[in-house]
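Below is one structure, written out as structure tokens; comments come after it.
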Amino acid sequence: MTQYLDFEKPLAEIEGKAEELRALARNSAEMDVGDEAAALDTKAATLLDDLYKNLTPWRKCQVARHPERPHCRDYIDALFQEFTPLAGDRNFADDMAVMGGLARFNDQPVMVIGHEKGNDTKSRIERNFGMARPEGYRKAIRLMEMAGRFGLPVITIVDTPGAYPGKGAEERGQSEAIARSTETCLRIPVPLVSVVVGEGGSGGAVAFATANKVAMLEHSVYSVISPEGCASILWKDAEKMREAAEALRLTAQDLMKLGVIDRIVAEPRGGAHRDAPAAIASVGKALEAMLEPLMALDGPALVAERRKKYLTMGNQRLTA
Amino acid sequence: MNWITNYVRPRINSIFSRREMPDNLWLKCDSCGTMLFHRELTENLHVCTHCGHHMAITPRERFHALFDGGTFAEIAVPEPLADPLAFRDQKRYPDRMRSAQRDTGEKDAMLVATGEIGRTPIVAAAQDFSFMGGSMGMYVGNAIIAAAEEAVKLRRPLILFAAAGGARMQEGILSLMQMPRSTVAVQMLKEAGLPYIVVLTNPTTGGVTASYAMLGDVQIAEPGALICFAGPRVIEQTIREKLPEGFQRAEYLLDHGMLDRVTPRGDMREELISIVRMLLGLPPAIRGDLPPPDASELTQADTAAPAETAPAPEKAAKDAPADPKKPKAK
């Protein structure tokens, strides 16, 4: 049973009706509702297409946060073989909001690192809703450095509301950990590719997504601040998140125009959560395509390319 | 009656109130409430003479106090695209920019300069909290990169005074991209083997703390400065409990191992000179108020070794090394 977002309500009604019809038909053999149900299905499909063709930025935020959207774990399970999770920052703890480890991607050994939000109450709490603490970033730093030493490409999967704003996180140096993680991304002499699959929440995302190539799923978002946060600061009203989402230009489409990301990965009809295997496969293809040309470059060239990319960023303006 | 009370009387009052002192002559300390005479406060680098509270200081004033004889040369910062997102909240971003520029007389929230401190050539960058909360956008990113490039070119250390509420939301994702951009600048310095000293001032928060402001070789903070990633209000809302006294203040961070030192503004210059000269392997500096470097004097000092005399006699006599030469690291 799909969870519907508020703007999907009309769709929920049609799909609900179709479901009811089918249930009726199952109970009484003489009723033939096949045609009617099929008509409703077509109607639902058209509506879904229409809804998702021109999602507003705020709706994209909602889709990006959809609880059934595939998460880091799903991508790793489907796209990588021999995944061997590596844990801990060797200083304080293992942060379950960040998962990472050795794996094979198309036979190529790689280091894969990502934010994991969890998919039920228990795992969400365990994973802290994908909000990493300093330990998480320090684990990522450790893994990236290891990848650098052994010449393994690094793949990061970004999906976080942001770094965790907590007392302990601050005391243990949340900002320092993020700064060092970004710095490590820029320093390692191996290919680094990143994909934003849900929310790219501010510094917590940059710490992983400072890469040679960055892709975003069609309905994912990547922003300096959440629309709610921005609305409460600039509009003095958190309810203005729709306006803020609009103004922040946080969609994959706008980020592509601004030259901040390199590729948009199309999502199945109605968003990644409606057909997770298809979405995951598309992400796999995008990773492959981004990684392949980088494999030919040596360490210094990779580092130089990454730095140049960020130094020259920001010369593109959004038109209209 | 209404007309008189609402209109005439305020007008009369306003005419008479003009005889009051100009409001910029006295300032109230944010912390202890003492009224402070403007000139005295400026001379004390905007530190309350009564309670030692550190108030905001503009980059220009800071540089004036930092550099020998108050002399420095500004480094031009490449102008970024203006308003790349066509951002509009309750006000248009270009309007906010214009009013900030008018109020501060500065182009944006960071000033970069070269000069000498204790006869030690450095590059310095200072963030301006009075300019849109010191927020980090494209210009600030460009300023940090320009500062690092200049430092590498001249083989000088970079001292950066951070002060910011965080990233500039009006530049959206591009402000966030200043985190990796400024980090590249820091890497340039590290690879060139040049010291990068960060002085964190009140407040330094958000994306600024999570990038260049936390990557210094030496991290110094001014007393009482708020330094954090997430602000106290956000944390209180998240964890729903009161935070301890002094949480996220400079002294708290020092206790938690996040800083090297907490140094009062009045001692900062001497401390920076000392640290930078040790990191560069230079002999101890001549202490005291040095006049601005002057070409003829410099060449003279280069040739005639022990001839140079320290200009601030009372301190210099005590602290000056036997050989105060080497004014320039080449």
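Source: prediction; values computed, not measured.
With chain B as partner, the option from A:Ala179, A:Ala163, A:Ser181, A:Ala177 having the largest number of non-hydrogen pairs under 4.5 angstrom is A:Ala179. The most heavy-atom pairs under 4.5 Å with chain B, out of A:Arg307, A:Met313, A:Glu176, A:Gln174, come from A:Arg307. Of all the listed residues (B:Ser182, B:Ala185, B:Ala82), the one sharing the greatest number of non-hydrogen pairs under 4.5 Å with chain A is B:Ala82.
The distance from atom CD1 of A:Ile178 to atom CE of B:Met179, rounded to the nearest 0.5 Å, is 6.0 Å. Taking OG1 from A:Thr182 and CE from B:Met214, the interatomic distance works out to 13.5 Å, rounded to the nearest 0.5 Å. Here the CE atom belonging to B:Met169 is positioned 5.5 Å from the SG atom belonging to A:Cys230, to the nearest 0.5 angstrom.
Both the backbone and the side chain of A:Leu248 come within contact range of chain B, judged by heavy atoms closer than 4.5 Å. Heavy-atom distances place no part of B:Gln178 under 4.5 Å from chain A, backbone and side chain included. Contact of B:Glu191 with chain A is made through the side chain alone, with heavy-atom distances under 4.5 Å. If you measure heavy-atom distances from A:Ile225 to chain B, the contacts under 4.5 Å come from the side chain alone. Residue A:Ser223 touches chain B through its backbone alone, counting heavy-atom pairs closer than 4.5 Å. The contact between A:Glu183 and chain B is made by backbone and side chain atoms together, counting heavy-atom distances below 4.5 Å.
Within a 6.0 Å sphere centred on NZ of A:Lys240, heavy atoms belonging to other residues, nucleotides or ligands number 12 at most.
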Please walk me through it: do B:Ile145 and A:Tyr310 pass side chain to side chain contact (heavy atoms under 4.5 Å, CB included)?
CA-CA 11 Å; B:Ile145 293 166; A:Tyr310 285 97; over 6 Å; no
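Side-chain N/O atoms of B:Gln187 and A:Arg187 include no donor and acceptor closer than 3.5 Å.
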